[in-house]
Visitor: 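First the structure, then my questions, so here it is.
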Amino acid sequence: MRKIEAIVRPERLEQIKKALEENGIVGMTIINVLGRGEQKGIKLQYRGGTMEVDLLPKLKLELYVADEEVDSVMKTICDAGRTGKFGDGRIFVSPVEKSGKVRTGEVFT
Amino acid sequence: MRKIEAIVRPERLEQIKKALEENGIVGMTIINVLGRGEQKGIKLQYRGGTMEVDLLPKLKLELYVADEEVDSVMKTICDAGRTGKFGDGRIFVSPVEKSGKVRTGEVFT
Amino acid sequence: MRKIEAIVRPERLEQIKKALEENGIVGMTIINVLGRGEQKGIKLQYRGGTMEVDLLPKLKLELYVADEEVDSVMKTICDAGRTGKFGDGRIFVSPVEKSGKVRTGEVFT
Amino acid sequence: MEINNGDTAWVLASTALVMLMTPGVGLFYGGLVRSKTFVSMFGLSFLAFALASIQWVLFGYSLAFGTDISGFIGGLNYVGLSGVGVDSAPLAGNIPHLIYMAFQLVFAAVTLAILTSAVAERVRLSSFIVLALLWTTLVYDPLAHWVWAGGWLAQMGALDFAGGTVVHISSGFSALAIALVIGKRVGFGSYVMEPHNIPMSMLGAGLLWFGWFGFNSGSALAANGLAASAFVVTNTSAAAGALTWLLASWLKGKPSALGMVSGAIAGLVAITPAAGYVDNMSAIVIGGVAGVLCYTALLFRVGRGLDESCDAWAVHGMGGLWGAIATGIFATASVNNYTGLIYGNFHQFAVQIMAAGASVIYAFVMTMILAKIVDSVMGLRVTEDEEYVGLDIAQHGEKAYA
Amino acid sequence: MEINNGDTAWVLASTALVMLMTPGVGLFYGGLVRSKTFVSMFGLSFLAFALASIQWVLFGYSLAFGTDISGFIGGLNYVGLSGVGVDSAPLAGNIPHLIYMAFQLVFAAVTLAILTSAVAERVRLSSFIVLALLWTTLVYDPLAHWVWAGGWLAQMGALDFAGGTVVHISSGFSALAIALVIGKRVGFGSYVMEPHNIPMSMLGAGLLWFGWFGFNSGSALAANGLAASAFVVTNTSAAAGALTWLLASWLKGKPSALGMVSGAIAGLVAITPAAGYVDNMSAIVIGGVAGVLCYTALLFRVGRGLDESCDAWAVHGMGGLWGAIATGIFATASVNNYTGLIYGNFHQFAVQIMAAGASVIYAFVMTMILAKIVDSVMGLRVTEDEEYVGLDIAQHGEKAYA
Amino acid sequence: MEINNGDTAWVLASTALVMLMTPGVGLFYGGLVRSKTFVSMFGLSFLAFALASIQWVLFGYSLAFGTDISGFIGGLNYVGLSGVGVDSAPLAGNIPHLIYMAFQLVFAAVTLAILTSAVAERVRLSSFIVLALLWTTLVYDPLAHWVWAGGWLAQMGALDFAGGTVVHISSGFSALAIALVIGKRVGFGSYVMEPHNIPMSMLGAGLLWFGWFGFNSGSALAANGLAASAFVVTNTSAAAGALTWLLASWLKGKPSALGMVSGAIAGLVAITPAAGYVDNMSAIVIGGVAGVLCYTALLFRVGRGLDESCDAWAVHGMGGLWGAIATGIFATASVNNYTGLIYGNFHQFAVQIMAAGASVIYAFVMTMILAKIVDSVMGLRVTEDEEYVGLDIAQHGEKAYA
Ligand SMILES: Nc1ncnc2c1ncn2[C@@H]1O[C@H](COP(=O)(O)OP(=O)(O)O)[C@@H](O)[C@H]1O
Ligand SMILES: Nc1ncnc2c1ncn2[C@@H]1O[C@H](COP(=O)(O)OP(=O)(O)O)[C@@H](O)[C@H]1O
Ligand SMILES: Nc1ncnc2c1ncn2[C@@H]1O[C@H](COP(=O)(O)OP(=O)(O)O)[C@@H](O)[C@H]1O
C-alpha cells in the first residue's frame with residue numbers, strides 16, 4: 001500500500017474526483033492547505049511596486065492505494081488537474097506499512 | 001519511530017483522546033479534513049431524487065510513536081473511535097526516519 | 001527525496017519562511033493544525049481551579065527536499081522557530097519514493 | 001381620536017425594530033448550533049417570519065383582534081384585512097389601524113421564531129411549516145386575544161404590557177412541549193455540541209436588545225412618557241440580567257460571555273410584561289432575578305438531559321413566567337394606573353399568577369397535542385443520516401461556509 | 001406648510017434605515033462571492049455609499065431635484081446644497097428640505113451599491129470609482145428627475161412610489177450592461193463558484209428587509225396612514241416572495257434558504273413602485289409572482305452563461321420591471337388616488353409599461369456606453385493573476401479571514 | 001413646555017440607534033483582534049454597556065446632570081432616578097425626562113465601550129470591571145457635567161454638540177493612558193497581529209455609521225431642521241473621511257478597505273461636536289481632514305511601538321480633538337447661533353481649544369491615575385500564558401468559532 005499526497009488547485013477538485021472515480025478510486029481525504037512552489041507564488045504589479053502573493057490556497061488530497069495503482073492514479077490526477085500554468089501542483093508517493101479499519105478493528109499489512 | 005495517521009469521526013475525538021491518554025499517549029496533532037471512504041459517503045433520499053453527500057468532515061490525528069507502541073495505539077483508536085457504522089475511519093502507519101525538537105534543536109534517529 | 005513535517009508556532013512562520021528562503025528552500029505547504037506535546041498544553045489557574053488548554057493552534061509545514069538538504073533544513077527550522085518555551089514544536093522526516101509534477105506530468109523517482 | 005403623527009412615527013419605527021428581532025433570533029440560535037445547521041437554523045427564523053406575516057394578514061389578525069367571541073377568540077371580521085385601513089385603530093385611536101396590525105404582526109412572527117429552538121438541527125422542513133401554521137393559529141392567536149383583545153384574561157384584569165405571557169411564556173413552554181415530542185438530537189449527552197460561532201450569537205443578542213426597545217417601548221403605542229418609561233426599564237432589566245448571569249456563571253467556574261448575553265435576553269424577557277407598569281428600581285430586581293433564574297433553569301434543563309436546544313424554555317418560558325408574576329409584585333401607580341403586591345394589591349398578584357398559569361398550561365398542552373399530531377402524520381424529524389450530515393446539506397443542499 | 005415633527009421624525013428614522021441597506025447589500029453580496037473577495041465586495045458597497053454621498057451633496061441632488069430643464073434634468077440651483085436648508089422641502093412642505101435631500105441621497109447610494117453585483121470579483125478599483133461617478137451622475141440623476149422631480153415620466157403620469165424604475169430597473173438593467181462589457185469571471189461556468197458564507201447573505205437580507213421599511217414607508221414622507229399602508233404591503237410582498245421562491249426551488253430539487261431570502265428581496269423590489277398604491281391582497285400577488293419570476297430570471301441568466309454575478313439584473317431589474325407594471329395593474333383608489341388595470345384604467349397600465357420600458361432602455365444603453373468608455377480608457381478588469389489571487393489581496397492587500 | 005410626540009419619537013428612536021453602536025464597537029474591535037480573543041473583545045463592549053447602564057441609573061446620571069456643584073459635578077438629587085419621570089426634561093422641555101436620561105445613558109455606555117481598545121487581548125476581566133466603573137464615574141460623569149450640564153466648560157461657552165470632548169476626546173486620550181499603563185501585548189512588534197475578520201469590522205463600522213445618526217441628529221433633541229442639518233453633515237463628514245483615508249492609504253501602497261471604514265468613523269467622530277453648528281461644505285473639510293489626520297495618527301502610533309490596540313486614541317482621541325477645534329473654526333450662524341474663526345470669531349476658536357485641551361488633560365491624567373491604582377491593587381493584565389492561549393478560553397472558557 002502506498003500513500004499518495006497530491007497538492008492541487010482547489011478549482012480542479014471536481015474534475016480530479018470524477019476522473020479518479022472513473023478509475024475506481026473512491027476513498028480519499030482532503031485537506032485545505034496553503035502552498036508555494038518554486039515560483040514563489042504570484043507576482044502582482046501595483047502603483048510603483050511589486051507584491052508577491054506567496055501562499056496560495058491549495059487542496060491536498062491524500063489517497064491510500066494499492067501499490068499497483070500508484071502510477072495510474074498519479075497520471076489521472078496530473079491529467080485532470082492540469083491547467084498548464086504555474087501552480088498546478090505536485091504529487092508525492094510514500095510507503096505505508098500497515099493500515100487499520102476503525103469500524104471493524106481489522107489490521108492490514 | 002512510526003507515524004500513525006488516523007482518520008476518525010470528529011464526535012469521537014474526546015473519547016479517543018481520553019483512551020490514548022490512559023495508555024500514556026499524549027502528543028498528537030489534529031487536522032480538520034474532509035473524507036470519503038469506499039461507501040462514497042452517505043446517500044440521502046429526497047422528493048424524487050437521491051443525493052450523495054460524499055465528503056464528510058473528519059478529523060485526522062497524527063501521532064508519532066515508538067515502534068513498539070504502534071499496535072496498542074491502533075487498537076486504542078479503533079476501540080474508542082468505533083460506532084459500528086460506515087465512516088468510522090481508517091488508520092495508516094508509515095515509517096519515520098528522523099525527528100527533531102525545535103525547542104532544543106535535538107535530533108533523534 | 002525526503003518529506004519534512006515541522007509542527008511550529010504560528011507566530012514564527014514569517015521568521016521560518018525567511019530563514020528557509022535564505023537557504024534556498026522555497027517550496028512548502030502549510031496546514032493549520034491543533035496540537036499538544038508531552039506537556040499536555042498549557043495549565044491555567046483560575047478562581048479555585050486549574051484548567052488545561054491541551055490543544056493549541058500550530059502550523060504544520062510540509063517540505064519535500066533533496067536528501068542532502070534534510071539536515072540543514074531541520075536546523076534552519078529549529079533555529080528560526082525557537083522561543084525556548086514548551087510548545088516550540090517538532091520535526092519529523094520520512095521517506096518519499098516518487099514524485100510528480102501536475103503541470104508537466106513528469107515523474108521523478 | 002385623531003391620528004397623531006409623532007405617535008405614528010414611533011410605532012412605525014418600533015414595528016421595524018421588532019421585525020429585526022427575527023433575524024436577531026436567527027443569528028442567536030444559528031451561532032449556538034453546529035456549523036452544519038447554521039443555514040437551517042437561521043432559515044427557520046426567516047421562514048417563521050414569512051409564514052406568520054402571511055397567516056396574520058389573511059386571518060391571524062382577525063382571530064386575535066377581531067370582534068370578541070365569548071372571550072376566547074376573535075371573529076372573522078378582519079379576515080384578509082378587510083376593514084383594516086388607514087384610519088384610527090380601534091384599540092389605539094392615535095395611530096392608523098394598519099400599523100397597529102403590523103405592530104402586532106411582528107410580535108406574532110418573532111414568537112414563532114423563538115419556538116424554533118426546540119426543533120434545532122433535526123426538524124423536517126415541511127413538518128415545521130405545518131406545525132408553525134397550526135401553532136400560530138391555534139396557540140398564539142387565541143392567547144393574543146385573551147390578553148390583548150378583550151379576551152377572558154383581559155377581562156380578569158391580567159396585565160401583560162408587551163407580551164410576557166403571549167410571546168414568552170407561550171413560545172417557551174411550547175418549545176418545551178415540542179422538545180419532548182421530537183426528542184433529543186443524535187449524540188446529545190454523549191458528545192459535546194458546542195456553539196459553533198459565539199460572536200454571531202452575541203450579534204444576534206445585540207440586535208435583540210436593540211429591537212426590544214420597539215417591542216416594549218413601542219407597546220405604549222405612543223411617543224410619550226409611558227414609552228420613555230418602558231424604554232428605560234427595558235434597558236435596565238437587560239443590563240441587570242446580563243450582569244447577574246455573568247456573575248452566576250463566574251461563581252460556578254468562569255464568567256461566560258454567552259451567559260452574559262443570554263442574561264441580557266433573560267432580563268429583556270422578564271421586563272416585557274412589566275415594562276409599562278414598573279419603575280427603574282424594580283427593573284433592576286426583575287432583570288437581576290431573571291438572569292439567575294434562567295441560568296438555573298438552563299442548568300436544570302441540561303441536567304435533566306432535555307434537548308430543548310437553544311433554551312427557549314429556560315430563557316423565554318421561565319423568564320416570561322417570572323416577568324408575569326413580577327408585574328403583579330412590582331406594578332406601581334407612579335408609572336401607570338396599576339399596583340402590585342408590594343403596594344398591598346394581592347388581587348393583581350393572584351390574577352397574574354392565574355393568567356401566567358393558564359398560559360403555561362394552554363401553551364404546553366395544546367402544543368403537545370399539535371406536535372404529536374404532526375409527528376404521527378408527517379414525522380417531525382429527518383432521518384438519522386440526514387441529521388448526521390446536517391440539515392444545511394440534507395434539507396437545503398446548502399453549506400453555511402464554503 | 002409647516003414642518004411637522006412627527007413626519008420629520010419618521011423621515012429621519014427612514015433615512016437612517018435606508019442607509020443601513022447599503023451595508024446590507026454589502027453583506028448580501030459579500031456572502032455570495034468567494035472568500036477571497038469578501039472584503040472587496042463589501043468594500044464596493046461601502047465605497048458606493050461614500051461616493052454617492054459626496055456626489056449628491058455637491059451636485060447630484062441638484063441634477064435630480066433642481067429646477068426642471070425640459071423635463072430631462074434638474075438645474076444647478078442646488079449645487080453644493082445652496083438653498084437647501086432647514087425650511088420646508090419644496091416637494092414635501094411638512095419636512096425640512098435637508099432631510100428630504102438626505103432621504104433621496106440614501107436612495108442614490110444604495111442604487112449604486114446594487115450595481116456592484118455586475119463587477120464582482122474582477123473590477124479595478126480606480127475604474128469602478130470613475131464608472132460609479134459617471135453612472136450615478138448620468139444614469140441615476142436623470143432617471144430620478146424624470147420620475148420624481150417633474151421630469152417627462154412624471155408629466156406623463158408614471159407612478160413610482162419608492163423607486164421601482166429609478167432604483168431597481170435602473171440598477172438591474174445597468175448591471176446587465178456592465179456584466180456584458182466586463183465579461184465573465186475566469187473559470188465561470190467551468191468550475192463551481194459557491195457562495196462562501198450564506199449566513200452573511202441571510203443577515204444582509206435581514207438588514208435589507210428592515211431598511212426597506214424606511215425605503216417604502218418613508219417614501220410617504222409622513223407618518224400617516226399612507227406610510228402605514230406602504231409598510232404593510234412591503235412586508236406582505238416580501239413574505240410572499242420568500243415563500244414562492246422557496247417553493248419554486250423545492251419543486252426543482254431542494255428548498256433553498258438562500259432562495260428564500262432572495263425571494264424576500266424580490267418581493268421587496270417588486271412592491272417598491274407600488275407600495276403607496278396597492279392593497280395587501282395585491283401585495284401577496286405582487287410578491288408571490290416576483291419570487292417565481294426572479295428565480296426564473298436567475299435560472300435563465302445562469303443558463304445563458306451570463307456572469308451577472310450577484311443577480312442584480314434577475315432580482316432588481318426583473319423584479320423592478322414587474323413591480324412597475326404591477327403598479328399599473330393593481331393600483332387602487334382605496335389606498336391612494338390612482339387606479340390600475342383591474343379597475344379598468346388601461347391608461348395607467350400603458351403609462352407604466354412605457355415608463356418602465358423607457359427606463360430599461362435608457363439605463364441599459366447609457367450604461368453600456370459608459371462601461372465601454374471606461375473599459376477602453378482605463379480597463380474595467382484587473383489582470384488574470386490578480387483575479388486568481390482575489391481582489392482582497394490583490395487590490396486591497398487585505399484578507400477577509402486571517 | 002409641553003411634550004412633543006414627534007420630538008419624543010425621534011429621541012426614542014435615536015436612543016435605540018445609539019444603543020446599537022455598542023455592539024457596533026464590539027464587532028469593529030472584535031474583527032480587528034485575533035480570533036482567540038473575539039469573544040472577549042465583543043464581550044467587553046457588551047459588558048461596558050451593561051455596567052454603564054446600571055451605574056447611570058443608580059448615580060451616574062445624577063453626577064452628570066444633577067444640580068450643579070461649583071461647575072464641577074452634579075449633585076445627588078437624581079440618584080436612583082428619583083425625580084426623573086415622564087414629565088418634561090429640565091434641559092429639554094419637549095421630551096420626557098426619562099428618555100432624555102436614557103439618551104444620555106447610551107452615550108455614557110458607548111464611550112466606555114470605545115475605551116476597551118486599550119486593553120484588547122490582555123485585560124483581566126475583574127480589573128476591567130473595576131476600572132470601568134471608576135472611569136465612567138470619575139472621568140465621564142464630570143466631563144459630561146462640565147460640557148452639557150452647566151459645568152465650567154459650558155459656562156465658558158464651549159460648544160460640543162454631540163460629544164466631541166465628552167465622548168471622543170475622553171475615551172481616546174484615556175485609552176492612550178491605559179495603553180501606557182497596561183503595556184504591549186506579548187509579541188507586539190515582533191510578529192504580525194493581523195485583523196482576523198475584516199468583514200466583521202466593516203459590519204461594525206456600518207452599524208456605527210447607522211447609529212451615529214441617532215448620536216448626532218438625535219442630539220438636536222427634536223425632530224426639526226436642526227436635526228436634519230446634523231443628520232446631513234454627519235453623513236457628509238463620514239463619507240469624506242472614508243474617501244480621504246482610502247486615498248491616503250492608496251498613496252502609501254494599496255487602498256485599504258479597513259482604512260476606508262476607519263476613515264468613515266474618523267469623519268463621524270470629527271463631526272460629532274460640530275454637527276449642530278456647521279454646514280455641509282464645512283463637513284466635507286472636517287471629515288476629509290479627519291480621514292488623513294487619524295490615519296497619520298495611527299501610523300505615528302504604530303511607529304512609536306505603542307499598542308493602543310484598536311486605535312481609540314488615533315481615531316476617537318485625535319478625531320475628537322480635531323472636531324472640537326473645527327467647531328470653533330467652522331461654526332456658522334446660518335445653522336445655529338454660533339460662529340467660528342472663519343467668521344472672525346476668534347473667541348469661540350480659543351474657547352474650543354481650551355475646552356479640548358482641558359478635556360485631554362483631565363481624561364489623560366485622571367485615567368492614568370485610575371489605571372495605575374487598579375494595576376497595582378489588582379493587576380490589569382492576565383498572565384502571559386493566559387494571553388498566549390487567548391482570553392476567550394483563558395477568561396471565559398469559550399471559543400469564538402468551534
Ligand atoms: N518542495 C515542496 N515542498 C512542499 N510542498 C511543495 C513543494 N513544491 C511544491 N509544493 C506544493 O505544491 C504546490 C504547487 O507547486 P508549484 O511549484 O506551484 O507547482 P508547479 O511547479 O506545477 O507550478 C505549492 O503551492 C505547494 O503547496
Ligand atoms: N483509500 C483511502 N485513501 C484516503 N483516505 C481514505 C481512504 N479510505 C478511507 N479514507 C478516509 O477515511 C475516512 C473513513 O473511511 P470509511 O471508508 O468511511 O471508513 P469505514 O470503511 O470504516 O466506513 C474517509 O472519510 C476518508 O477520509
Ligand atoms: N508524539 C507526537 N505526535 C504527534 N504530534 C506531536 C507529538 N509530539 C508533539 N507533537 C506536535 O508538536 C507540537 C509541539 O510539541 P511540544 O511537545 O509542545 O514541543 P516541545 O517539546 O518543544 O515543547 C504539538 O502541539 C503537537 O502538534
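Per chain, numbering begins at 1; letters A, B, ... match sequence-line order. Keep in mind it's a predicted model, so treat the numbers as computed, not measured. Note that these values count all heavy atoms, side chains included, but never hydrogens, waters or copies made by symmetry.
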Visitor: F:M41 versus chain D, heavy atoms under 4.5 Å apart: side chain, backbone, both or neither?
Guide: neither

Visitor: For residues D:N224 and F:V86, determine if any side-chain heavy atom of one lies less than 4.5 Å from a side-chain heavy atom of the other.
Guide: no

Visitor: In the structure I gave you, are the side-chain heavy atoms of F:V84 and D:V232 within less than 4.5 Å of one another anywhere?
Guide: no

Visitor: Report yes if some heavy atom in the side chain of D:F213 is under 4.5 Å from a heavy atom in the side chain of F:M19; otherwise report no.
Guide: yes

Visitor: Given a strict heavy-atom distance threshold of 4.5 Å, which part of F:L44 is in contact with chain D: side chain, backbone, both, or neither?
Guide: neither

Visitor: Under 4.5 Å from any heavy atom of chain F, what part of D:V11 do you find: side chain, backbone, both or neither?
Guide: neither

Visitor: If you define the side chain from C-beta out and look only at heavy atoms, does anything of D:D279 sit under 4.5 Å from F:L81?
Guide: no

Visitor: Could you report the tightest heavy-atom contact between F:M200 and D:M200, atom names first, then the distance?
Guide: SD-CE, 3.5 Å

Visitor: Could you look at F:I393 and say if it's the side chain, the backbone, both or neither that has a heavy atom under 4.5 Å from chain D?
Guide: backbone

Visitor: Nearest 0.5 angstrom please: F:S53 OG to D:L243 CG, how far?
Guide: 8.5 Å

Visitor: Against chain F, label D:M281 side chain, backbone, both or neither, depending on which of its atoms sit under 4.5 Å from a heavy atom there.
Guide: side chain

Visitor: A side-chain contact here means heavy atoms from C-beta on lying under 4.5 Å apart; do F:F42 and D:L203 qualify?
Guide: yes

Visitor: List the atom of D:F231, the atom of F:A102, and the distance in Å for their closest heavy-atom pair.
Guide: CD2-CB, 4.3 Å

Visitor: Against chain D, work out which of F:G43, F:A16, F:G6 has the most heavy-atom pairs shorter than 4.5 Å and name it.
Guide: F:A16

Visitor: Start with the C-alpha distance between F:V57 and D:N235, add both sets of side-chain angles, then the distance that settles side-chain contact (heavy atoms from CB on, under 4.5 Å), and finish with yes or no.
Guide: CA-CA 10 Å; F:V57 297; D:N235 191 66; over 6 Å; no

Visitor: Taking side chain as everything from C-beta outward and backbone as N, CA, C, O, which of these in F:S126 sits under 4.5 Å from a heavy atom of chain D? Side chain, backbone, both or neither.
Guide: both

Visitor: Do other residues, nucleotides or ligands put more than 12 heavy atoms under 6.0 Å from D:Y401 OH?
Guide: yes

Visitor: Heavy-atom cut-off 4.5 Å, strictly under: side chain, backbone, both or neither for D:A283 against chain F?
Guide: neither

Visitor: Which heavy atom in F:L12 sits nearest to a heavy atom in D:A227, and how many Å separate them?
Guide: CD1-CB, 4.0 Å

Visitor: To the nearest 0.5 Å, what is the distance between CG (F:N5) and OG1 (D:T8)?
Guide: 9.5 Å

Visitor: Side chain, backbone, both or neither: which part of F:L125 has an atom under 4.5 Å from a heavy atom of chain D?
Guide: both

Visitor: Between F:F46 and D:W209, is there a side-chain heavy-atom distance shorter than 4.5 Å?
Guide: yes

Visitor: Going by heavy atoms in the side chains, are F:E398 and D:L258 under 4.5 Å from each other?
Guide: yes

Visitor: Give, as side chain, backbone, both or neither, the part of F:T15 having an atom under 4.5 angstrom from any heavy atom of chain D.
Guide: both

Visitor: For F:A402 and D:P195, which heavy atoms make the closest approach, and how far apart are they?
Guide: CB-O, 3.4 Å

Visitor: Please determine, among D:L207, D:L226, D:N197, D:T236, the option with the most heavy-atom pairs under 4.5 Å with chain F.
Guide: D:N197

Visitor: Counting heavy-atom pairs under 4.5 Å to chain F, which of D:G225, D:A205, D:A223, D:G31 comes out on top?
Guide: D:A223

Visitor: Which atoms of F:A89 are under 4.5 Å from chain D, going by heavy atoms: the side chain, the backbone, both sets, or neither?
Guide: neither

Visitor: What part of D:N280 gets within 4.5 angstrom of chain F, counting heavy atoms only: side chain, backbone, both, or neither?
Guide: side chain

Visitor: Which one, D:S249, D:A9, D:A242, D:S229, leads in non-hydrogen pairs under 4.5 Å with chain F?
Guide: D:S229

Visitor: Provide the closest heavy-atom pair for F:L20 versus D:G206 in the form atom of the first, atom of the second, distance.
Guide: CD1-O, 4.3 Å

Visitor: So which residue, F:N4, F:L27, F:L47, ends up with the most heavy-atom pairs under 4.5 Å with chain D?
Guide: F:L47

Visitor: Any side-chain heavy-atom pair from F:K399 and D:H196 closer than 4.5 angstrom?
Guide: no

